[in-house]
Enquirer: 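I'd like to ask you about the structure that follows.
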Protein chains: 2
Amino acid sequence: MVNYSTSEENYLKAIYRLNGAEATVSTNDLAQELQTKPASVTDMMKKLKAKKLLHYQPYQGFRLTAEGTKVALGIIRRHRLWEFFLAEKLRFTWDEVHEVAEDLEHVCNKKLIDRLDEYLGFPRVDPHGDPIPDMNGKMEVSKKICLSDLPLNSTAQVISVSDHSSDILELLEHMHIHIGTRLEVRKRFSFDDSMEIKAGRQAAFTISRQLSETIFVHFV
Amino acid sequence: MVNYSTSEENYLKAIYRLNGAEATVSTNDLAQELQTKPASVTDMMKKLKAKKLLHYQPYQGFRLTAEGTKVALGIIRRHRLWEFFLAEKLRFTWDEVHEVAEDLEHVCNKKLIDRLDEYLGFPRVDPHGDPIPDMNGKMEVSKKICLSDLPLNSTAQVISVSDHSSDILELLEHMHIHIGTRLEVRKRFSFDDSMEIKAGRQAAFTISRQLSETIFVHFV
DNA sequence: AAAATAATTTAGACAAATCTAAATCATTAT
DNA sequence: ATAATGATTTAGATTTGTCTAAATTATTTT
Ligand SMILES: [Mn+2]
Ligand SMILES: [Mn+2]
Ligand SMILES: [Mn+2]
Ligand SMILES: [Mn+2]
């Protein structure tokens, strides 16, 4: 078990995140994701390639090797377990957990994380509804539908929210929408792509396109 | 609230620890404590002096300023709270907590630490019996006596152990001696400075000079 | 009070992680 | 097919934290 620097870990995690969309990640995209400069990315890519954590030929973009993916999933596991801990045990709100977990995730000690996992009761998802990899690096990726794409009159359950800001949290709390809330789409308005939904036992209300595109659901 | 690097924090903590014995800390002592070279210490002392965290004139040794002491106590607070968490909540043994806490202590977020403190029930001492500074940096230093100096036939209670290794833990567990155990000294043997003690409800037994010098007690 | 010894600092170097500016490669439009 | 544009890499510099070896200062012995 090799240990990686905080910087290396942040690069690996970012590549993993971007990898979802496309098969190969570009220098500029990664620089933007990490709020750094392309030249810094190239330097780090050489280093990570030398450590066999990614496939990389100059000018060709890059993608994680199997080992790189394993390391990235380990970081994501730590991050999300700490987020769960902060929300569940220390009463942090949804929008506060990420920043702290960004630091805690770099404390790399298998026993610490596995014991924390056990202590928390082996949670499957973090406070934002994102899945937590298990101690073998397995992460169950449930197929989720964007609320904006949900067919009319079918009942679904909120499983995650892709924006983690306090702004969206404020709005969701106001609307009593949480991870697990059941809802259905009653009507779509083509004027502004807003939709009327019915959530829980509340009266129907409308939500903006911006919000419906941020909420992910699955059928119940 | 300024933030300090992991390296700066480790220096401050080490100076605080050494400061207990003498009024001023020397370059060589600090280098030895931190397993580094005297030249590296000098470099860092210049930096910490520039940040007004310590008093330092070349060749004259150094000591923490009030601000430096405050920062050091903050680090010690984080370290010991995490040690308590690991022992109490994650079932780590006494000898395992320090190493992990060495990393966790550098995650510096006041809300995290104050909430952790609250979650743990505001513990006063860490698993080794060392006091935990409160959120204002106050640390109650109870006057402790080394077991080797305890008068004959006076009852005392174990409050801390200055060695944190698994070797001493093994021995103490075997003897059923823990933080809080009541004991009294029955006899001293000048041949090897061993002593016979009576602990709890056990039959009297002897302990080595090495062990008695590591255990600290107070009168009950 | 010198000389010897020990402690400390300085000088110069290195690795990691970053940056800016220049050079190079790839892609797109004419 | 060439020129223009955009993406990427290289070159060279900077900061932080460390090191070794040499120089300096302090302390101890004779
Ligand atoms: Mn997060
Ligand atoms: Mn999350
Ligand atoms: Mn400790
Ligand atoms: Mn301790």
Side-chain angles (χ1 to χ4, degrees), chain A residues 2-15 18-19 21-64 68 71-72 75 102-103 105-108, chain B residues 2-15 18-19 21-64 68 71-72 75 102-103 105-108:
Chain A
V2 196
N3 264 309
Y4 301 101
S5 73
T6 293
S7 199
E8 290 169 331
E9 290 190 341
N10 283 335
Y11 275 92
L12 291 171
K13 194 165 53 118
I15 295 168
L18 294 179
N19 234 349
E22 298 170 66
T24 180
V25 178
S26 77
T27 304
N28 272 357
D29 288 355
L30 189 50
Q32 183 169 29
E33 177 77 14
L34 288 166
Q35 299 282 65
T36 184
K37 305 294 165 186
S40 308
V41 171
T42 300
D43 286 346
M44 184 58 89
M45 293 308 96
K46 287 180 189 163
K47 200 174 150 190
L48 294 180
K49 181 188 177 163
K51 295 191 179 192
K52 297 186 191 301
L53 296 169
L54 50 78
H55 301 290
Y56 166 58
Q57 291 302 117
Y59 300 101
Q60 302 303 126
F62 26 80
R63 59 175 223 282
L64 297 175
V71 175
I75 303 160
E102 281 295 299
D103 288 335
E105 74 186 9
H106 301 295
V107 176
C108 183
Chain B
V2 197
N3 265 308
Y4 300 101
S5 72
T6 293
S7 200
E8 289 170 331
E9 289 190 340
N10 284 334
Y11 275 91
L12 291 171
K13 193 165 52 116
I15 294 168
L18 295 179
N19 233 350
E22 298 170 67
T24 181
V25 178
S26 76
T27 305
N28 272 356
D29 287 355
L30 189 49
Q32 182 168 30
E33 177 78 14
L34 288 166
Q35 300 281 66
T36 183
K37 305 294 163 185
S40 308
V41 172
T42 299
D43 287 345
M44 184 58 89
M45 293 308 97
K46 287 180 190 163
K47 197 173 154 191
L48 294 180
K49 181 188 177 162
K51 294 191 178 190
K52 298 184 189 301
L53 296 169
L54 50 79
H55 301 290
Y56 165 58
Q57 290 304 115
Y59 299 101
Q60 300 304 126
F62 26 79
R63 59 175 222 282
L64 297 175
V71 175
I75 304 161
E102 282 295 298
D103 288 336
E105 73 186 8
H106 300 296
V107 176
C108 183

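Chain naming here is simple, since letters A, B, ... match the order of the sequence lines and numbering starts at 1 in each. Below, all heavy atoms of this structure are taken into account, side chains as well, without hydrogens, waters or symmetry copies.
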Enquirer: Test Leu48(A) against Tyr4(A) for side chain to side chain contact (heavy atoms under 4.5 Å, CB included), laying out the working first.
Expert: CA-CA 10 Å; Leu48(A) 294 180; Tyr4(A) 301 101; 5.8 Å; no
Enquirer: With side chains defined as the heavy atoms from C-beta onward, is the minimum distance between Val41(B) and Phe62(B) less than 4.5 Å?
Expert: yes
Enquirer: Is Tyr56(B) close enough to dT9(C) that one of its side-chain N or O atoms is under 4.0 Å from OP1 or OP2 there?
Expert: yes
Enquirer: What is the distance from atom CG of Leu30(B) to atom OG1 of Thr36(B), rounded to the nearest 0.5 Å?
Expert: 8.5 Å
Enquirer: Of the residues in residues 32-44 of chain A, which ones touch DNA chain C at a heavy-atom distance under 4.0 Å?
Expert: Thr36(A), Lys37(A), Ala39(A), Ser40(A), Asp43(A)
Enquirer: State whether Lys46(A) places a side-chain N or O below 4.0 Å from either non-bridging phosphate oxygen (OP1 or OP2) of dT9(D).
Expert: no
Enquirer: For atom CD of Glu8(B), is the number of surrounding heavy atoms from other residues, nucleotides or ligands below 6.0 Å larger than 12?
Expert: yes
Enquirer: Can you sort out which residues in residues 6-15 of chain A have a heavy atom within less than 4.0 Å of DNA chain C? Ascending by number, please.
Expert: Ser7(A), Tyr11(A)
Enquirer: Is Lys51(B) atom NZ crowded by more than 12 heavy atoms from other residues, nucleotides or ligands, each under 6.0 Å away?
Expert: yes
Enquirer: Answer whether the closest heavy-atom distance between the side chains of Thr27(A) and Tyr56(A) falls below 4.5 Å.
Expert: no
Enquirer: Round to the nearest Å and state the distance from Leu48(A) atom CG to dT9(D) atom P.
Expert: 13 Å
Enquirer: Using whole Å, what does the distance between atom P of nucleotide dA16(C) and atom CE of Met45(A) come to?
Expert: 15 Å
Enquirer: Which heavy atom in Ala31(B) sits nearest to a heavy atom in Pro38(B), and how many Å separate them?
Expert: CB-N, 3.7 Å
Enquirer: Without decimals, in angstroms, what is the distance between Asp29(B) CG and dA7(C) P?
Expert: 9 Å
Enquirer: Rounded off to whole Å, could you give me the CD-to-P distance for the Gln57(A) and dT9(D) pair?
Expert: 11 Å
Enquirer: Find the distance Tyr59(A):OH to dC25(C):P and express it as a whole number of Å.
Expert: 6 Å
Enquirer: Taking only the side-chain nitrogens and oxygens of Asn28(A), find out if one of them lies under 4.0 Å from OP1 or OP2 of dG6(D).
Expert: no
Enquirer: Looking only at side-chain N and O atoms, does Asn10(A) offer a donor or acceptor that is under 3.5 Å from a partner on His106(A)?
Expert: yes
Enquirer: Nearest whole Å is fine: how far is dT27(C) C1' from Gln60(A) CD?
Expert: 13 Å
Enquirer: As an exercise, state the distance from CG of Asp29(A) to CG of Asn19(A), rounded to the nearest 0.5 Å.
Expert: 11.0 Å
